[in-house]
2 protein chains.
Amino acid sequence: MLLQNPTKQAAVTTADKVFEQLQFAIVEGEMAAGSKISEPELAKHYQISRSTLREALNRLEKCHLIERKANVGSRVVDCTIEGLLELYITREALEGMACRQAALNMTDEEVAHMQDMLTQHAGDKALQDGVAYYQEKGDLDFHYKVILGSHNKQLIELICGQLYHLIRMYRCQFGMNSPRASRAFDEHSRIIQAIADRDGELAEMLMRRHIAASRKNIENKITKEIAQKEQNKIQLIKS
Amino acid sequence: MLLQNPTKQAAVTTADKVFEQLQFAIVEGEMAAGSKISEPELAKHYQISRSTLREALNRLEKCHLIERKANVGSRVVDCTIEGLLELYITREALEGMACRQAALNMTDEEVAHMQDMLTQHAGDKALQDGVAYYQEKGDLDFHYKVILGSHNKQLIELICGQLYHLIRMYRCQFGMNSPRASRAFDEHSRIIQAIADRDGELAEMLMRRHIAASRKNIENKITKEIAQKEQNKIQLIKS
DNA sequence: AAGTCGATAATTGTCGACAATTATACTTAA
DNA sequence: TTAAGTATAATTGTCGACAATTATCGACTT
């Protein structure tokens, strides 16, 4: 499963290819979050020169997957709870606006296509009832379509080109295949309705609530996990 | 006048310095919008190697001031009306949310400091009544403080690190020292009040209206200018 | 005369080496 | 034993050259 973002163009140069591999490695956690990056080591591993590697690193920095300090080096970004919440706040703002713009700017064909997609997902959903499939692919499909429907290059670039890599990273690392599938589906359905009605204000509000709900869901889950770990620690000490 | 963004750190490496110079050159229009960038030529001009120049170009790309195509080269972004409107839509979303977060997260000291700043600006404003100063420096000061007050690294990076360079570029190129100084001041004042009241919802709404008003103002001005030019053309043909 | 194909020139991508800076480990003194 | 200072090693920044790709110009065909 790749789930590449829809704005990306074919990787022609070797730096492009290495960038994609590194991106995958970081998102999937093969390169640990927060770990230091050794340019000579990585260059050797991918059999490329440091110049080419640095080109790839620059693109990783562009989508906020690594951080660089002058004369010190690069690190993979680390996944913190605060970072995750900040990311979702930003996402709420951007995707909410994208949804409003989609309601204003989507062509009728695009709207129809989205509705088709949703009914198709409904079939899949009924079929394998609540399986993570919808959450993974269907969810991303939906959100990408809305974002692209905004017809706003700035929004599209910021969300698809930058934020979503980080979101995927957090999803992988925190193991977030949250069991909101059926509820999310209903929310998606209402959002599409608002877009079809060309009701930008409602569309934005619904999208923001949709994302906020997702954020709160995660927040709950994580705080519970932390509580669980604390519990384990205490039991470990007792025994 | 530099009006550097408040998040930037000192430029230590030569690539950093060249980046800053290029950034300035692009924003101020010394390098024409839409023009092609010749790496050998620029490298020679700044007396640096192409590697170093490319490092600088990568940072310019990060703040969306240039665009690169593989095996073809870089161009300065061009300033279109559509691009400007898309930028302001995005800004409305991000800065609106930043303002909401500022209402929630700013310390009392930060709020007090902003209020001080505003009264000081009020003095300046009374002094030189309506002069562009407020529009230039005061306006940016205000917006930066709100954004930083959100205490959201993601928002801060996106707005200050990326969007604002473009905004400054558009301001320069389209000659936008709009005569909204006094009205903008009142709007700023109300926004600070909402922040001081910790009313996130109102703060966001006011900031969004503030930016939307600015956008509409520009929209009007530009369409008028275009109409004017058409008029001139017609007269030219007649004569 | 217009358009297409091919050779040449120019530009971008990639490479390996050196310079400058930072991190590490060891020695020395308190 | 701890701390500071210094010398060494490793890493990042910068450079110039070569390879690969693209753009330009001219010849040739229709």
Side-chain angles (χ1 to χ4, degrees), chain A residues 7-26 30-78 161, chain B residues 7-26 30-78 161:
Chain A
T7 58
K8 131 189 132 89
Q9 50 197 3
V12 316
T13 180
T14 55
D16 282 327
K17 291 166 198 161
V18 173
F19 160 68
E20 285 185 3
Q21 296 184 58
L22 283 172
Q23 181 183 321
F24 188 82
I26 292 176
E30 291 167 25
M31 296 183 69
S35 62
K36 175 130 190 359
I37 289 173
S38 161
E39 290 184 5
E41 186 186 322
L42 262 190
K44 205 173 82 181
H45 181 264
Y46 285 100
Q47 309 256 39
I48 56 177
S49 74
R50 267 184 59 227
S51 313
T52 307
L53 176 70
R54 280 162 72 87
E55 188 70 37
L57 292 183
N58 269 316
R59 303 205 194 150
L60 289 172
E61 199 186 359
K62 257 170 234 159
C63 47
H64 302 190
L65 289 178
I66 70 170
E67 285 168 349
R68 279 177 65 190
K69 261 200 288 188
N71 287 318
V72 174
S74 314
R75 306 193 81 90
V76 180
V77 295
D78 42 29
Chain B
T7 58
K8 127 187 135 94
Q9 49 196 4
V12 312
T13 180
T14 55
D16 282 327
K17 291 166 197 163
V18 174
F19 160 68
E20 286 185 1
Q21 296 184 58
L22 284 172
Q23 182 183 318
F24 188 81
I26 292 176
E30 291 167 25
M31 296 183 68
S35 62
K36 176 133 190 357
I37 289 173
S38 162
E39 291 185 4
E41 187 185 322
L42 262 191
K44 205 172 83 181
H45 181 265
Y46 285 100
Q47 310 257 37
I48 56 177
S49 74
R50 266 184 59 226
S51 314
T52 306
L53 176 70
R54 280 163 72 87
E55 187 70 38
L57 292 182
N58 269 316
R59 304 206 192 149
L60 289 173
E61 199 186 1
K62 258 170 233 159
C63 48
H64 303 188
L65 289 177
I66 71 170
E67 286 167 348
R68 280 177 66 191
K69 262 200 287 189
N71 287 318
V72 173
S74 314
R75 305 194 81 90
V76 179
V77 295
D78 42 30

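As the structure is a computational prediction, the values presented were derived from the model and not from experiment.
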Exercise. Could you walk me through whether B:Lys62 and B:Glu55 pass the salt bridge (charged side-chain N to carboxylate O under 4.0 Å, His left out) check?
Worked result: CA-CA 11 Å; B:Lys62 258 170 233 159; B:Glu55 187 70 38; 5.5 Å; no
For this session: State, to 0.1 Å, how close B:Leu42 and B:Ile37 come at their nearest heavy-atom pair, and which atoms those are.
Result: CD1-CG2, 3.7 Å
Exercise. Just how far, in rounded Å, is P of C:dG13 from CG of B:Leu57?
Worked result: 10 Å
For this session: Hey, which sits more toward the 5' end of DNA chain C by its nearest nucleotide, A:Asn71 or A:Leu53?
Result: A:Leu53
Problem set entry | Any B:Arg54 side-chain nitrogen or oxygen under 4.0 Å from OP1 or OP2 of C:dG13 | yes
Problem set entry | Value in whole Å for how far the P atom of D:dT14 lies from OH of B:Tyr46 | 16 Å
Exercise. Quick one: is C:dC15 close enough that its OP1 or OP2 comes under 4.0 Å of any side-chain N or O from B:Arg50?
Worked result: no
Exercise. Any side-chain N or O of A:Thr13 under 4.0 Å from OP1/OP2 of C:dT12?
Worked result: no
Exercise. Looking at B:Ala33 and B:Val76, what are the two nearest heavy atoms and their distance?
Worked result: CA-CG1, 3.8 Å
For this session: May I have the distance from B:Glu39 (atom CD) to D:dC15 (atom P), rounded to whole angstrom?
Result: 14 Å
For this session: Report the distance from atom NZ of A:Lys44 to atom P of C:dC15, rounded to the nearest whole Å.
Result: 16 Å
Exercise. Roughly how many Å is it from NZ in B:Lys69 to C1' in C:dG13, rounded to a whole number?
Worked result: 17 Å
Exercise. Do A:Arg75 side-chain atoms and A:Gly34 backbone N/O form a donor-acceptor pair below 3.5 Å?
Worked result: yes
For this session: Mark yes when over 12 heavy atoms from residues, nucleotides or ligands other than B:Gln21 sit less than 6.0 Å from its CD; otherwise mark no.
Result: yes
Problem set entry | Protein-nucleotide distance (A:Arg68, atom CZ; C:dT21, atom C1'), rounded to Å | 14 Å
For this session: Grab the CG-P distance between B:Leu42 and C:dA10 for me, whole Å please.
Result: 18 Å
Exercise. At under 4.0 Å, does any side-chain N or O of A:Ser51 touch on OP1 or OP2 of C:dG13?
Worked result: no
Exercise. For D:dA10, does OP1 or OP2 lie under 4.0 Å from any side-chain N or O of A:Ser38?
Worked result: no
Exercise. D:dG13 P sits how many Å from B:Asn58 CG, rounded?
Worked result: 13 Å
Problem set entry | Pairwise 5' ranking along DNA chain C for A:Ala70 and A:Thr52, keeping only the more 5' one | A:Thr52
